[in-house]
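To keep things clear, I will list the structure first and then write my remarks on it.
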Amino acid sequence: MFSADQRCWFVRKVIFWRAVASIAWSVLLLPPTTALYVVLSRFSLFHPLQWLTECLTVLTSASAIFSFILLCGVVLLVGFFNLEYYSVVPSIACSKIALLGHVLHPRQFFHSLVHCIMGVVVAWCCAVTIGGRYQALGYPCMKDESGPQMCLNENHLVLLLAGAFVGYSHSLLGLVHNMNYISFHTVQQYKYLCFKGTLPLVMRASAVQALYSLRNFLALYFFMGYVPRAWVCRTLDLQVDSSVYSLDCVSGLLDLSLLYQLWISASFLLFTWYITVLLFRIFVTEAYSFPVQPTFQEDAHQCLPEVITGKQPTILKFLALQDLARLSNHCPSRRQEVFSLSQPGGHPLTWTAVNRECLSLLSDLTERLVSHHDNVASNGRTKLQSIGSDKKTSSESSGSSVGLEDIRTPWPSTVLRTPGSVFLRSSVGAGPGGLGTPLTAPFTPDLDSPFTSPALRLLTAPPGPLSPGYSSIQSPHIMRRGPKLWSASPDSQLNGSPPASPASSPAQLERKPSFLVTFLQNRKYQVKQFLAKRVVIMYLFYKLPEASSQALFADSQAHIWALEGLSHLVAASYSEDQYGVVQTTLPSILSAMLMLQEAVDRHFKLPHASSKPGRSSFSMGDSSYKTLRFALRATLKTSIYRITATFGEHLNAVQMSSEHRKRLQNFLEYKE
Amino acid sequence: MMCSLALFPPPLPGDGETSHYYSKDEFTTDPSVWFEESHALNLYFPRESLKPHSRPESSSKAAFRDHCETLYTRSAGAWRDAGLSGLLNEIANSSAEVPKWLGVSSRCVLALLQWVSSFHGSLFPHLTLSSEEMTAEFSQVLDWSDCAVRGFAWHPHTQKCAVALLDDSIKIYNPKSSTSPTLKHRLQRSVAALQWKPLCASDLAVACHNCLLVWHVDPTSLSTRYTHTHTHTHTQPHSPQVLPQRFHCSPSRRPSSGCAQVLSHPGHSPVTSVAWSPSGSLLVSASPRDTAMLVWDVAVESCVPLHRVGGGGVTHISWSPDGSRLMAATPSSLFRVWETRMWTCERWPSLKGRCQSGCWSPDGSRLLFTVQGETVIYALTFTDTPGLPLGMSGGPKAATVVADLSETSLDTPDGDTMVGGEIQSLAWDPRGERLAVLLKGDAGAGRPAMIAVFKTQINPAFKLLPCGFVQGEPGTEPRLMQFNPNFRHGAQLTVCWSNGKITHVAFYFMSARVPQPGVGGSPPLPISQGRPADYVNQTLYTELIS
């Protein structure tokens, strides 16, 4: 109840107004954009005077004003969709089937449909503005036998269809490229400067994207153009003028003027929408300064320590962490408030809350990485023992159980919807498919529950039979995890997936699989074998490389801020912390960071984890989530160094395990 | 009151006792390293052993580029290297292979471009320079194009340094390891600057001809020898000593991505300056051709260009040690001071010339800068009031002249020596006690390039006192200098000389931050100065405390 109240507070008072402001600005920017469009669309090189006067008359005509109102409506709607569909954590599809699931989701379908219609509306406005032969859908023509009739104006139709196509592809590409994902920039700038700096990129992106969309549209129209034409003619009772060439042939489509108008219109459409997206992003990601300590008791839920611990909505948590990172770096006075003691009682409540939340974020990530690594490593082991084609088949089976679950749509106001966080929950609660299988599967589809347990059991065994990656790890937390995994394995047994028979691990000897279980297992295996031979299915379920890594680190911006905030606060505490509130927590902070460091190091040894994605240019989709893991790794290292550089030899007095001390010594000697 | 060179103790004649002592026998002709008891790295890179890459850019590039390649490959390469004009040039030059209309039209467009750029160049004369000339012009190194050592960087936290050489290789020296890895990369050409990443053990940013390189030099693998994985498509023969020591990253750490990150941005070439934020999170790079300064998030390999109108480019950047401000000099008579919270900037126009160099006091409150064509040092004071939006607060209203380094003749036993003149670069030691000024000198007028050292005091009032001159062996000139941030007993100035030697000049003093009765607190030690005792009590520039 309380958290709901809080969410209402922030979304109602801040996010909503930011969205409104961004939409208002995009509406305000519409007149100049439209004017520019009119000027460009009526461009004629040889009659400059006529061109300019025509533009003026068009801009002041009633139809232009009507279409302008329509455009405003479209922009409002686009802005509304931005607000409704945005997310600060990207949804990463780990296989083609998951992507397909995203596309076919009703919510996305609705999005695409509305964008399609809006595309038609914008295209109609464009057609009205261009005038001439694009003006209307029908025109009077003389048919030989029955006098004047209305004929279909195919130019107009092509323009409308192009609008619909561009609108749909905008929605689709937005999904594929995560256009609804909002990333926070490391370089904070004022909104105007940020907008000014990005504007050329947006222009270029819309022009280029319009070209690509147009190419696809023309190809489509070339082959399928007769379908909508016939349909329109039938429903509107229009005739096809046989004296005019139809446009779905090479000569018809090679009309330069038509191509130019189509391109300009598509660019205009995309530009207005992109501007709306851009402004929304800029406004929403603007830093928000939360009070560290409440002035009045009733504002207590609005101040940083409260906000930072909440889970809902994600944007609030992100902004709070961003604010923490900024205050720890830039504002000595606000840092003082964090280090201060509560007035009655003298407890460092603020610091405790902040510290606890940051540490739990870090340990969450550590846990996530460790279990991912365990799964991958155990899988690699079973692969060695089982038949070669098993990799694909197991991916298939787990994928199919997951394909529908994996259609996660980015509702803005729900829990952190990363696979990892869900995965954590399921690994704790041992969800229906056994040890977290349903949710790990999308990013490690070559994992199958039957194969999980024996190899995981090996973790508790001496390091001899382990894969080489493990031999170096003597970290206590791995050992700690062992029993938990062990206890989770009976669940998978209950679900009818016993350890695979080919596995010859010592654990096998302990249990005799029952007949029924073996039978089911064999059936399943046969089905997999059958499906694996189908190319389409393999294509659909093929795990996209690096996607698992990306998915693991999808919300790592939060961790990055937590690390920055913590390390800056700890470093500042060396000189600013009067009561020594930070000192008591230093061991736990250091060990959390070192454990995370170890987990991250191990993760980067996995295949695909350290391969960088190619840089995509001129696209509105923000692809920064693809490289978040690198940013996290760098920030983590810098954070540990920040603490060691500040405290230096004093750290030798801090209590910690010898393992961690050895690691820390490396940092103190600048050898990491 | 202002400090001037006339108040300096005259430089000692001959082999500079003022600078350092060493026996000539210790220098061999090989590039070699040895460690003194003060773990300093004295290095020697004879000019003759380094083969410069004699490439008057386009022509040599054409020579390297195999003409058997198809036109398409060549055009793509030209587009990558030199953008549109390079592409047009390539097409126009290969008239035999392209259709006639394409050749003619590209020639026309090229002529048009050149005409426009010549117009642009009349506004910003530096744009007419070639890339190499531009780097030489704006580099902090004196006479960059002919200097054996083109860059030097101390690691901010450990005793480790990187040296960029004339042959476009970078060597890394660490007293604790007996081998020195050599970094070479196909794109590592005409290195203008290099800097180690703060709060990191291994990352080194290098400003190259048309990109930035960030090397990850694995510190644990320094003791072993590696071969660099990148193949050199058209490199020159290396000196034989270098060959076995080529470097690559240990496969366990960076399995596939290679150990050098290449950061490039269209239009951002040549990169002449590079600066890490003191918190290690951001990297800023500048190019005199690009009006935007790029702020890189290196791990993500993304950059934010910060455009501002005016100036025509950015030549030199320097972060304040506390990370709150950033100075950016432009090729015209204008420089900017950015605050790094919201990235707004103050303009400092109407200088007499372009800002040549600048350095920050350790607490980030004071910026000293020099202007080309003038022989004085200016100071700007920033009083920061936290909380207020920066850019509004604490900015100084005017720059004050704190030192006058115009030509003076000083009495030496050999007769009068002329010292002074224009200033090439400034360096302030990390404790804020010594300021080194590299004077350009003028060979024609009999003024050698020289380093003048001031004692400085920042709190409670800013003071500048003369300290002495640093000279090398006879006939050598200083080219480049940097203070060692890890010298515990005072300040240590590392100087790269024109003959390829790198030496370290130590200034021993007790830091004034340690409570110490008495003024100065810097007992002169025999190595550092000839006879500074007479001048200790002279305060030459004292700021009035209002």
Side-chain angles (χ1 to χ4, degrees), chain A residues 183 185-190 193-194 196-198 200-201 287 326 329-334 472 560 564 567-568 571 601 604-613 615 617 622-635 637-645 666-667 669-672, chain B residues 155-160 174 176 196-203 218-222 251-258 261 264 266 277 279-282 284 292 294-308 323-324 339-345 384-387 389-391:
Chain A
S183 71
H185 289 287
T186 32
V187 176
Q188 279 279 334
Q189 291 185 79
Y190 286 110
L193 294 171
C194 199
K196 202 180 75 175
T198 334
L201 288 182
R326 286 170 65 79
N329 194 6
H330 295 293
C331 314
S333 56
R334 294 180 69 202
S472 63
I560 291 172
E564 281 184 354
S567 66
H568 272 118
D601 268 3
F604 271 88
K605 286 175 190 158
L606 296 176
H608 294 303
S610 58
S611 55
K612 301 227 170 189
R615 271 198 270 171
S617 52
D622 200 328
S623 61
S624 63
Y625 63 89
K626 288 181 183 162
T627 43
L628 267 180
R629 56 183 187 280
F630 299 101
L632 181 93
R633 184 175 61 169
T635 313
K637 220 170 235 188
T638 309
S639 302
I640 302 179
Y641 269 120
R642 185 170 294 131
I643 295 177
T644 56
N666 276 343
F667 276 96
E669 289 166 5
Y670 290 92
K671 281 185 177 166
E672 268 298 320
Chain B
H155 193 278
H157 307 291
T158 52
Q159 287 290 351
K160 182 157 76 170
N174 184 349
K176 292 195 186 106
W196 291 92
K197 179 179 176 180
L199 298 177
C200 184
S202 54
D203 290 8
D218 190 342
T220 52
S221 65
L222 286 190
S252 67
R253 291 190 163 252
R254 291 170 213 294
S256 59
S257 58
Q261 274 175 290
S264 61
S277 75
S279 64
S281 52
L282 298 173
V284 179
L294 301 186
V295 184
W296 293 90
D297 189 341
V298 173
V300 179
E301 297 188 9
S302 69
C303 72
V304 177
L306 296 174
H307 279 280
R308 287 296 180 275
S324 63
E339 59 83 22
T340 58
R341 238 180 108 192
M342 294 305 288
W343 291 95
T344 54
C345 66
D384 209 3
T385 43
L390 284 165

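Heavy atoms of A:Arg326 lying under 4.5 Å from chain B belong exclusively to its side chain. Residue contact with chain B, scored on non-hydrogen atoms closer than 4.5 Å, involves the side chain of A:Ala645 exclusively.
When the side-chain hydrogen bond (donor to acceptor under 3.5 Å, both in side chains) test is applied to B:Asp297, no partner is found at least two apart in sequence or on another chain. Residues forming a ring-ring contact (aromatic ring centres under 6.0 Å, His included) with A:Phe667 (at least two apart in sequence, or on another chain): A:Tyr641.
When each of B:Ser281, B:Pro305, B:Cys200 is checked for heavy-atom pairs under 4.5 Å with chain A, B:Cys200 comes out on top. Most heavy-atom pairs under 4.5 Å with chain A, from the set B:Ala292, B:Ala299, B:Pro198: that is B:Ala299.
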Problem - Worked check of side-chain contact (heavy atoms from CB on, under 4.5 Å) between B:Asn174 and B:Thr158 - result: CA-CA 9 Å; B:Asn174 184 349; B:Thr158 52; over 6 Å; no
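Side-chain contact of A:Ser639 with A:Glu564: a donor-acceptor pair under 3.5 Å is absent, judged by distance alone.
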